[in-house]
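Letters go in sequence order (proteins before strands), and every chain restarts at 1. Computed over heavy atoms, backbone and side chain alike; hydrogens, waters and symmetry mates excluded.
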Amino acid sequence: MQPTTAAEAEAIQDSLRSRLIIPASPVDLPPTVVGLDVTYGEQRAVAAAVVVDVATLTVVEVATHGGEASFPYVPGLLAFREVPLLLAAIERLSTPPSLLMCDGYGLAHPRRFGLACHLGVLLDVPSFGVAKTAFVGTSTDPGPARGQTSDLVDADEVVGRVVRTQTGVKPVFVSPGHRIGLDDCTDLTVRLSGHYRIPEPTRQADILSRSALRAG
DNA sequence: GCGACAG
DNA sequence: ATCTTGTCGC
C-alpha cells in the first residue's frame, strides 16, 4: 500500500480515484471542520489536526502526531508524504471527523486526485483543499473584495476556484476532495476565514504543527 | 526539448 | 516545506 516509485504512486492514485464521489448539489454541512497541516524538521515531521467550530471559528479540540516522512516531496504526489502522518493525527481526535480541510489541492491536480481527495477517499469523509499557491489550471483574477471568486480551469474542466478570503490579500486556491461540491467548499472557505488570508482550520493546524515540532 | 511544479 | 531581521504600512 506504500509505493516506492513515482510510477507505483501514480497507479495507486488512478485506482483510488474510482472511489471518488463529487456531488453536483449542495450537501448538509457539519457544525465542525477539521483543519490539517504538516510541518517538517530535519529528521522529524509533525502533523496536526484541529477541530474548529464553524459558527464561532473557535478551536474545539486539537491532536498531533510526530514521525518521519516516508516519501519525498514530488509535485503531484504530496499525499504519499503527508497522508500517513495526517491519518495518525486524525486518529488521536476523540471524535471521527465530519469534514476535512487540507493544506493543498483536491480535484485541481494533474490526475484529479490531490491530497484532499486521497484523505477523503481513504476515510470516506467529506474533504476539500485550500492551497496558497497555483499548481494546475488557469484562472482570471477574482475581484479585489472578500468573497469574490473565479473558476480554476484545467483541460476545459472547472476543477476548483480562486477565492479572495480578505479584501486586498492574495487569493487562495480551493478544490473539492470528496463528497462535497465546489460551491460548498468555496462558501465554507470564506465563512471559515476570520481576519487572515488562510481560513482558521488550516491556519490553526499550521500554527500547532510548527509549535509542536519545535517543542520537541 | 525546456521549463514549471501543492507542501 | 525550510533557511531568516528588519521594515514598510494599516
For [X] and [N], give me the distance from atom [atom1] to atom [atom2], rounded to whole Å.
| X | N | atom1 | atom2 | value |
| --- | --- | --- | --- | --- |
| I198(A) | dG7(B) | CD1 | C1' | 13 Å |
| H109(A) | dG7(B) | NE2 | C1' | 12 Å |
| R112(A) | dA6(B) | CZ | C1' | 14 Å |
| Q166(A) | dG9(C) | CD | C1' | 17 Å |

### Task
Report the C-alpha separation of V83(A) and L115(A) in whole Å, then their side-chain angles, then the decisive distance to 0.1 Å, and conclude whether the side chain to side chain contact (heavy atoms under 4.5 Å, CB included) test is met.
CA-CA 8 Å; V83(A) 159; L115(A) 171 65; 3.8 Å; yes

Indicate, with a heavy-atom threshold strictly under 4.0 Å, whether [X] touches base, sugar-phosphate, or nothing.
| X | answer |
| --- | --- |
| Y105(A) | base |
| L213(A) | nothing |
| G76(A) | base |

### Task
Could you walk me through whether E61(A) and S94(A) pass side chain to side chain contact (heavy atoms under 4.5 Å, CB included), step by step?
CA-CA 8 Å; E61(A) 186 186 3; S94(A) 64; 2.9 Å; yes

### Task
Measure across I22(A) and P176(A) and return the closest heavy-atom pair with its distance rounded to 0.1 Å.
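Shortest heavy-atom contact: CD1-CB, 4.1 Å.
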
### Query
Which nucleotide, dA1(C), dA6(B), dG7(B), lies nearest any side-chain atom of L115(A)?
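Out of dA1(C), dA6(B), dG7(B), the nucleotide with an atom closest to L115(A)'s side chain is dA6(B).
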
### Query
Can you tell me if the side-chain N/O atoms of R81(A) get under 4.0 Å from OP1 or OP2 in dA1(C)?
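R81(A) to dA1(C) OP1/OP2: no side-chain N or O under 4.0 Å.
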
### Task
With side chain to side chain contact (heavy atoms under 4.5 Å, CB included) as the test, would you mind laying out the steps for E157(A) and R112(A) before giving the verdict?
CA-CA 11 Å; E157(A) 276 183 272; R112(A) 303 288 180 268; 3.3 Å; yes

### Query
Can you check whether A47(A)'s main-chain N or O pairs, donor with acceptor, with T64(A)'s side chain at less than 3.5 Å?
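Flag not set: sc T64(A) to bb A47(A) has no pair under 3.5 Å.
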
#### Entry: Base-pair map of DNA chain B as dot-bracket, where | denotes pairing with a different strand and pairs are Watson-Crick or G-U under 3.5 Å
.......

### Query
Can we say R191(A) and D187(A) salt-bridge, meaning some charged N sits less than 4.0 Å from an Asp/Glu carboxylate O?
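Looking at R191(A) and D187(A), the cut-off is not met.
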
### Query
When you check the side-chain N and O atoms of Y40(A) and E82(A), is any donor under 3.5 Å from an acceptor?
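Yes, because at least one side-chain N or O of Y40(A) sits under 3.5 Å from a partner of the opposite role on E82(A).
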
### Task
Verify whether the ring centers belonging to F128(A) and H178(A) lie closer than 6.0 Å.
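No.
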
### Task
Go through residues 132-140 of chain A and report each residue with a non-hydrogen atom lying under 4.0 Å from DNA chain C, sorted by number.
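Result for residues 132-140 of chain A: K132(A), sorted by number.
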
### Task
Kindly state whether the pair Y73(A) / dG7(B) counts as stacked, where counting means centroids closer than 5.5 Å and planes tilted less than 30° apart.
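Stacked: ring centres under 5.5 Å, planes under 30°.
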
#### Entry: Heavy-atom side-chain proximity of L86(A) to L119(A) below 4.5 angstrom
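L86(A) reaches L119(A) side chain to side chain.
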
